[in-house]
Amino acid sequence: MGSEKKGWDYSQLRKYDISLEQIPRLDYQDPKVDELMAENEPVVITGSKLVKSAEKWNLDYLEKHMGNGDFTVFISRNYKFKYYDEKKILQKLPNNETNRGVEFTPPTKMVEMKLPEFIKRLKEWKRGDERLYLQQGLNDTVGPAIVRDFLKFDWDFCNSIQKKQNWGPLTSNHLLIGMEGNVTPCHYDEQQNLFAQVQGYKRCILFSPDQFDRLYPHPVYHPHDRQSMVDFERPDYSKFPKFKDIKGCETVMEPGDVLYIPIYWWHQVESLMRGDHTITINFWYKNGPTGPITYPLKSHHKVAVMRNVEKMLLEVLHDPKEIPPLMRALVLGRYT
Ligand SMILES: CC[C@@H](CC(=O)C(=O)O)C(=O)O
Ligand SMILES: [Zn+2]
């Protein structure tokens, strides 16, 4: 994978005891790109101009043109930015009732920050300081120059993919500005994703949905729903024995690369250590209609089924502790 001539080297990658193949890197005009996407397989698409109009988006340009809006910034005391769903945290509601959330201490703080302050903290950051990660949906609060650049994205390119792959509508574009070494731990999303690298180098480690039982996602009701419970750097093989057999693929994204992250595919994303800050724009699309079901079900369909079973059981049992005994009674000795 890659090499020194590509502006990064192996010493900038975190070391894991995981077997990883290379994600194919194909030119955007290669017909194999469509074939892989049609199979819900990841592919790095090179040479497209999808976000070429944003290649000038360095920090000074963004500070000058991003407008005076508030941006969502996550703050972490370490290098990890594990996503959590606030709606699943036990909360007092206005009428003094509580939602059916759980007690949970978020691992990161989410704040609203003006861009100049974010950039100042980015530039002044030193080892040991809290880390920051700007993750903001692009909306109409940005300045006119950014709107112009946004309109100049190669929309024909991504619209043709959307049409060919029969995806649903584009739901959002997120601007992601990360510090060197920041890690978004392994998780999956329920949307199709074109992940466009604008500045800096990002390592993306992906696992097929069929690795579900090796990645031990938090329960659906948990704020870390869709996130793996396994700490890749210090895996607890007694709690997560199947993680030993994990198989995945990876790539180091360079500016201009576009990675197709298929719906339900697990991914861990890392800004290379001792590298520059990174800037990414992602394009999230609703999945298209399932189309003709073939049997046995594909692994990503099985993940959707498992999520629905979990949600239904929670709905009827109310107490998550009731699920394991019921599932054991259902399966052990009967289906095993
Ligand atoms: C925002 C988190 C992550 C990207 C990602 O998970 C996605 O685009 O789905 C990253 O780049 O750190
Ligand atoms: Zn994601």
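Remember, predicted model here, so these are calculated numbers, not experimental data. Just follow the structure's listing: the first ligand is 1, and inside any ligand the first atom is 1.
- With the Zn ion (ligand 2) as the vertex, NE2 (His267) and NE2 (His187) define an angle of 90°, rounded to 10°.
- If you take CD1 on Ile261 and CG on Leu259, they are separated by 4.5 Å, rounding to the nearest 0.5 Å.
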Between ligand 1 and the protein, give all atom pairs where both partners are nitrogen or oxygen and the distance is under 3.5 Å, as lines of names plus distance to 0.1 Å.
unit_1	atom_1	unit_2	atom_2	d
ligand 1	6 (O)	His187	NE2	3.0
ligand 1	6 (O)	His267	NE2	3.2
ligand 1	8 (O)	Asn193	ND2	3.0
ligand 1	8 (O)	Asn282	ND2	2.9
ligand 1	9 (O)	Asp189	OD2	2.8
ligand 1	9 (O)	Asn193	ND2	3.2
ligand 1	9 (O)	His267	NE2	3.2
ligand 1	11 (O)	Tyr133	OH	3.3
ligand 1	11 (O)	Lys202	NZ	2.8
ligand 1	12 (O)	Tyr133	OH	2.5
ligand 1	12 (O)	Thr184	OG1	2.6

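- Relative ring orientation between Phe74 and Tyr84 is described as perpendicular, the plane-to-plane angle rising above 60° on a 0-90° scale split at 30° and 60°.
- With values rounded to the nearest 0.5 angstrom, Trp266 atom CH2 is found 8.5 Å from Ile246 atom CD1.
- Annotation: the span from His300 atom NE2 to Ile263 atom CD1 amounts to 7.5 Å, rounded to 0.5 Å.
- The atom of Asp189 that is an N, O or S and sits closest to the Zn ion (ligand 2) is OD2.
- Once rounded to the nearest 0.5 Å, the distance linking CG of Leu90 with NZ of Lys88 reads 14.5 Å.
- Between Asn287 and Trp167, the side chains place no donor N or O within less than 3.5 Å of an acceptor N or O (distance only, hydrogens not considered).
- Using a 4.0 Å cut-off between charged side-chain N and carboxylate O, Arg307 and Asp225 make a salt bridge.
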